[in-house]
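Following: one structure in structure tokens, then a few remarks.
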Amino acid sequence: MNTVTVRKKSYLKGEFTPPGDKSVSHRAVMLGSLAQGNTTVTNFCPGDDTLRTVNAFRSLGVIIEGTGTQYTIAGKGLHGLHESSDVIDAGNSGTTARLITGLLSGQDFFTTISGDGSLRSRPMRRVTKPLGEMGAKIDGRAKGDYLPLCIRGTLLSPLKYTLPVPSAQVKSAILLAGLYAEGVTEITEPLPSRDHTERMLAAMGGSVERHGAAIRVQGFPELKPLSFRIPGDVSSAAFLIVAATILPGSEVTIRKVGTNPLRSGILEVLQRMGAQIQIIPSADEGGEPTADIVVTSSSLKGVVINGEVIPRIIDEIPILAVAAAHAEGTTIIRDAKELRVKETDRITAIVEGLKKFGVTAEEFDDGMAITGQENLSGATVPSYGDHRIAMAFIIAGLTASGETTVQDTEVIGISFPQFMETVGSLFT
Ligand code: S3P
């Protein structure tokens with residue numbers, strides 16, 4: 001078991017470039033594998049989750065050269081994948097498991113997908129139900145709700161489906177299955193969720209259009225390969241953005257961050273809380289907007305966070321909670337029940353963890369209330385086996401008096417293996 005022990009720091013200064021966006025990296029491998037020709041990506045997310053997707057497609061017969069942050073994917077076209085000789089192990093990665101389930105439903109071979117203990121306890125019916133309506137033959141534990149899932153690929157029919165919860169993973173699983181269905185598949189979202197799949201498909205020449213809340217994709221496209229630099233992950237940048245906001249005297253520049261509006265709600269929420277964040281747009285990368293972000297420390301006030309912004313900040317709520325713990329007044333987060341089915345139950349993890357730092361925090365079924373205070377007290381806290389909880393509590397420790405120890409920190413490698421080095425470099 002790895003642990004990280006930190007003490008209060010004064011301020012952060014300097015600049016850094018965050019690792020590539022995890023969501024975009026997964027999709028580059030998946031769609032690159034289905035394109036005709038070579039897709040080359042740089043600044044690929046070097047975390048364990050995205051490596052799971054690389055290995056999955058290697059086992060499905062795709063030649064993927066490279067390592068670390070640069071890969072070339074020799075796309076084989078829509079019908080070029082072949083049966084894996086072993087179980088596909090998605091590890092901790094919900095995106096790998098759910099998107100691949102959609103993509104492999106329309107193949108003419110058999111697949112089994114499993115994952116680690118956390119992933120095996122996360123709901124899969126949200127994908128297996130609509131895919132079943134398309135004709136997919138999928139079985140799994142609890143009648144297809146939990147991994148391992150077995151997929152007997154078959155010809156799919158197009159579907160018109162309204163998502164019960166806003167989820168880019170479910171939407172993307174259906175969109176990828178829709179590539180293997182003759183005609184138009186239409187998905188309606190209750191609220192907009194991240195649209196990386198739609199953007200990349202369109203950039204590769206697929207036919208995907210948004211009409212109000214509905215997204216329509218045409219089956220059997222011919223996809224062109226796409227070579228690009230993956231934008232920096234705003235979800236990883238968020239930890240340092242919050243640290244620089246809280247610690248007086250900080251000024252940090254974060255280069256080439258993905259600012260897709262369906263991902264960067266954290267910037268809006270922090271600005272509403274009083275944060276000083278300057279966004280300097282730079283060129284699009286792979287159909288995604290990017291910017292340099294300059295953060296200067298400032299005092300924060302509590303706000304209410306609910307409704308349409310929630311899907312746009314869903315992965316940033318652990319670190320937003322740390323910002324709330326330093327804000328004047330109470331921050332209320334609602335409509336965020338999805339946090340209960342992430343890598344861990346993030347509502348319980350955040351509230352229990354912050355209480356250990358001496359913060360007044362209350363759990364709701366769909367969110368939490370956090371009352372800010374001048375000083376946090378250092379604590380020993382678990383990571384709950386969740387990369388974003390681990391990093392959020394390390395940042396909390398850097399702003400708390402005394403010593404903080406975060407346990408089980410190896411999970412940071414899921415999305416941001418260089419996290420501690422990046423933090424260290426900004427304090428020198
Ligand atoms: C992701 C979508 C989100 C997010 C996850 C990555 C994606 O999950 O929490 O970290 O890449 O599509 P949901 O779509 O299930 O909310």
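Note that ligands are numbered from 1 as they come in the structure, with each ligand's atoms numbered from 1 the same way. Quick caveat, the model's predicted, so the values are computed rather than measured. In what follows, every heavy atom counts, from backbone to side chain, and hydrogens, waters and symmetry copies are set aside.
- Here is the list of ligand 1 atoms found below 4.0 Å of a heavy atom in T95: 1 (C), 6 (C), 7 (C), 11 (O).
- Between R272 and E268 there is no salt bridge, since none of the side-chain N atoms of the basic residue sits less than 4.0 Å from a carboxylate O of the acidic one.
- Salt bridge D48/R52: present, at least one basic N to carboxylate O contact under 4.0 Å.
- Considering every non-hydrogen atom in both F110 and R152, the closest pair reads CB-NH1, 3.6 Å.
- Considering backbone and side-chain N/O of D315, one or more are found under 3.5 Å from N/O of ligand 1.
- Between K342 and D386 no salt bridge is recorded (no basic side-chain N to carboxylate O distance below 4.0 Å).
- Among the atoms of K342, some N or O lies under 3.5 angstrom from an N or O of ligand 1.
- For E189 (side chain) and S193 (main-chain N/O), a donor-acceptor pair under 3.5 Å exists by modelled atom type.
- Figure legend: cation-pi geometry between R122 and Y146 absent, as NZ or CZ is not positioned both under 6.0 Å from the six-membered ring centre and within 45° of its axis.
- In this structure, T69 contributes its side chain and N43 its backbone to no donor-acceptor pair below 3.5 Å.
- Looking at K171, Q169, E316, H196, it is Q169 that brings a heavy atom closest to atom 2 (C) of ligand 1.
- Considering both main-chain and side-chain atoms, R194 never comes within under 3.5 Å of ligand 1 through any nitrogen or oxygen pair.
- In terms of polar-atom proximity, E343 is not counted as a contact of ligand 1, lacking any N or O under 3.5 Å from an N or O of the ligand.
- Within the structure, the closest approach of H26 to ligand 1 does not fall below 4.0 Å when heavy atoms are considered.
- Below 4.0 Å from some heavy atom of S167 lie the following atoms of ligand 1, by number and element: 13 (P), 14 (O), 15 (O).
- Polar contact with ligand 1: present for A168 (N/O pair, distance under 3.5 Å).
- Counting heavy atoms only, R27 comes closest to atom 7 (C) of ligand 1 of the residues K22, R126, R263, R27.
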